[in-house]
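Since this is a predicted model, take the numbers as computed values, not measurements.
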Amino acid sequence: QEHKLDVPQPHPVQVLAITELLTASAPAFREYSEGAIALQLKDDWQVASAHMEKAEAVDPTIAHAWLSLHNFYLLANQAQRSMLPLQKAMDNRYRLPERIQYDLKVEDHIMRQDFDRAMMVAKQKIELYPNDIGSYLLLATLQNMRNDRDGMIASYQKVLELDPSQHERKRELGKLYEGKGDFDKAMTMYAQYAELFPTNEDVFLALGNLEQLRGKHDLARTNIDKALSIASSDVDAIVRMGALERDLGNFEAAGP
């Protein structure tokens, strides 16, 4: 007797040859590859941009290169110049993986200031890829634009549920809870992050600030001291300690 497993069918995937995904031109591929290396290995977006521009001059249908150029021009504060590469990427988006196509559509709506449509596309991506942390991070970006703290909290919690190694989200959750005035939850998130990264002075400053707001000056001093022990010349830590001393009336210790 045969037993059939009730296994959900995967989403249909369009398989394209590498020449269709990138380019059939060897010179264009070489320039694109050099640009990708400059960006990913050397973090030199200016050199990467020059290579991507050369790649597009040879083959103007490389969507990956157009999308990279859009981002490069935005980094250079050239928003208007970035619009043409964005449109070119949209025109050739069939060359991109489906997940990136959703990101591209969201970016296009954002640049056109159509945030409602951007949010709609982001939510569509989550429906298609409910286990992809990138989908929730994309949604969190839009929620941040709308100052939707509760939405961002839900998105980051989902990211941590899917991938507990996303530790940076704990510090971001701490900031969000702090902004909402929920100091207990903020403390929990900051403390978890501090336990994982005991040499990060910023999180101890955040803890010190929260303790000061809660009127627990001894704990505030302890955390600020930890920050200063990690980075004795950190301006923020020095200023925070001075503010704490002033709150306690120790004006001489607070300094000028």
Checklist entry - Are Met152 and Met120 grouped together when hydrophobic residues (ILVMFWY) are joined by side-chain heavy atoms under 4.5 angstrom apart? => result no
Next on the checklist: Using 0.5 Å steps for rounding, measure from the OG1 atom of Thr222 to the NZ atom of Lys216.
Outcome noted: 12.5 Å
Checklist entry - Any side-chain heavy atom of Lys125 within less than 4.5 Å of one from Leu139? => result no
Item to check | Gln212 side chain to His217 side chain, donor-acceptor N/O pair below 3.5 angstrom | outcome: no
Checklist entry - Shared ILVMFWY cluster between Ile126 and Leu128, side chains joined below 4.5 angstrom? => result yes
Next on the checklist: Once rounded to the nearest 0.5 Å, what's the spacing between atom CG of Asp103 and atom OG of Ser135?
Outcome noted: 7.5 Å
Checklist entry - Backbone N or O of Leu219 within a donor-acceptor pair of the Asn223 side chain at under 3.5 Å? => result yes
Next on the checklist: side chain to side chain contact (heavy atoms under 4.5 Å, CB included) for Leu137 and Ser155? Distances and angles first, verdict last.
Outcome noted: CA-CA 7 Å; Leu137 293 176; Ser155 294; over 6 Å; no
Next on the checklist: Given 3.5 Å as the limit, does a donor-acceptor pair link the side chain of Tyr190 with the main chain of Lys175, or not?
Outcome noted: yes
Item to check | Tyr129-Glu98 side chain donor-acceptor pair, cut-off 3.5 Å | outcome: yes
Checklist entry - Within the distance-only criterion (no hydrogens, no angle test), does the side chain of Trp66 pair as donor or acceptor with the backbone N or O of Met90 below 3.5 angstrom? => result no
Item to check | Test side chain to side chain contact (heavy atoms under 4.5 Å, CB included) applied to Asp116 and Met119, step by step | outcome: CA-CA 5 Å; Asp116 289 338; Met119 184 68 73; 5.9 Å; no
Item to check | Shortest non-hydrogen contact between Ile224 and Ala237, atoms and distance | outcome: CG2-O, 3.7 Å
Next on the checklist: Let me confirm one number: the NE2-CZ distance from His51 to Arg30, rounded to the nearest 0.5 Å.
Outcome noted: 11.5 Å
Checklist entry - Could you go step by step and tell me if Asn209 and Glu178 meet the side-chain hydrogen bond (donor to acceptor under 3.5 Å, both in side chains) rule? => result CA-CA 10 Å; Asn209 182 58; Glu178 182 179 353; 3.0 Å; yes
Checklist entry - Looking at CD1 of Ile153 and CE of Met189, how far apart are the two atoms once the value is rounded to the nearest 0.5 Å? => result 10.0 Å
Next on the checklist: Please determine whether side chain to side chain contact (heavy atoms under 4.5 Å, CB included) holds for the pair Arg117 and Val106, giving the CA-CA distance in whole Å, both sets of side-chain angles, and the decisive distance to 0.1 Å.
Outcome noted: CA-CA 8 Å; Arg117 288 185 182 275; Val106 168; over 6 Å; no
Checklist entry - If Ile, Leu, Val, Met, Phe, Trp and Tyr residues are connected whenever their side-chain heavy atoms lie under 4.5 Å apart, and connections chain through other members, are Leu75 and Leu69 in the same group? => result yes
Next on the checklist: Quick test of your reading of the model: are Lys158 and Glu161 salt-bridged, counting only N-O distances below 4.0 Å?
Outcome noted: yes
Next on the checklist: Within the 4.5 Å heavy-atom criterion, are Met52 and Leu39 side-chain neighbours or not?
Outcome noted: no
Checklist entry - Below 4.5 Å, heavy atoms only, C-beta onward: do Asn92 and Tyr94 meet side chain to side chain? => result yes
Checklist entry - Going hydrophobic residue to hydrophobic residue with side-chain gaps under 4.5 angstrom, can you get from Phe204 over to Leu173? => result no
Checklist entry - CG of Leu244 to CE of Met241: how many Å apart, nearest 0.5 Å? => result 6.5 Å
Item to check | For the student: nearest non-hydrogen atoms of Tyr136 and Pro130, plus distance | outcome: OH-O, 3.0 Å
Next on the checklist: Ignoring hydrogens and geometry beyond distance, is a side-chain donor-acceptor pair present between Glu168 and Tyr193 at under 3.5 Å?
Outcome noted: yes
Checklist entry - Could you go step by step and tell me if Glu245 and Arg221 meet the salt bridge (Lys or Arg N to Asp or Glu O under 4.0 Å) rule? => result CA-CA 9 Å; Glu245 297 292 359; Arg221 185 188 301 279; 2.7 Å; yes
Next on the checklist: With heavy-atom distances below 4.5 Å as the criterion, would you say the side chains of Asp163 and Gln166 are in contact?
Outcome noted: yes
Item to check | Salt bridge flag under 4.0 Å for residues Lys88 and Glu56 | outcome: no
Next on the checklist: If the threshold is 4.0 Å, N to carboxylate O, is there a salt bridge linking Lys180 and Asp150?
Outcome noted: yes
Item to check | 4.5 Å side-chain heavy-atom contact, His109 and Phe115 | outcome: no
Checklist entry - Mind checking whether Asp108 and Arg112 have side chains closer than 4.5 Å, heavy atoms only? => result yes
Checklist entry - Can you check whether Ser82's main-chain N or O pairs, donor with acceptor, with His70's side chain at less than 3.5 Å? => result yes
Checklist entry - Which atom pair, heavy atoms only, marks the closest approach of Asp59 to Ala24? => result OD2-N, 4.3 Å
Checklist entry - Is the count of non-hydrogen atoms from other residues, nucleotides or ligands lying under 6.0 Å from Arg214 atom CZ greater than 12? => result yes
Checklist entry - Do Gln124 and Val121 touch side chain to side chain, with heavy atoms closer than 4.5 Å? => result yes
Item to check | Shortest non-hydrogen separation from Leu210 to Phe183 and the atoms involved | outcome: CD2-CD2, 3.5 Å
Checklist entry - Under 3.5 Å, side chain of Ser229 to main-chain N/O of Lys226, donor-acceptor pair present? => result yes
Next on the checklist: For a 4.5 angstrom cut-off between non-hydrogen side-chain atoms, does Leu104 reach Leu86?
Outcome noted: yes
Next on the checklist: If I compare all heavy atoms of Trp45 with all of Phe72, which pair ends up nearest, and what's the gap?
Outcome noted: CZ3-O, 3.6 Å
Checklist entry - Does atom NZ of Lys105 have more than 12 heavy-atom neighbours, drawn from other residues, nucleotides or ligands, at distances under 6.0 Å? => result yes
Checklist outcome for this item: Separation between NE2 (His64) and CZ (Arg95), nearest 0.5 Å, reads 10.0 Å
Next on the checklist: Assess the residue pair Asp148 and Leu142 against the criterion (side chain to side chain contact (heavy atoms under 4.5 Å, CB included)); give the C-alpha distance rounded to whole Å, side-chain angles, the decisive distance to 0.1 Å, and a yes or no.
Outcome noted: CA-CA 9 Å; Asp148 179 5; Leu142 293 171; over 6 Å; no
Checklist entry - Is the shortest side-chain N to carboxylate O distance from Arg240 to Asp236 below 4.0 Å? => result no
Next on the checklist: Tell me whether Ile230 shares a hydrophobic cluster with Leu228, the cluster being built from Ile, Leu, Val, Met, Phe, Trp, Tyr side chains joined at under 4.5 Å.
Outcome noted: no
Next on the checklist: Less than 3.5 Å apart, any donor N or O on the side chain of Arg146 or Gln143 sitting next to an acceptor on the other?
Outcome noted: no
Checklist entry - What heavy-atom pair brings Arg149 and Leu176 nearest, and what distance separates the two atoms? => result CD-O, 3.7 Å
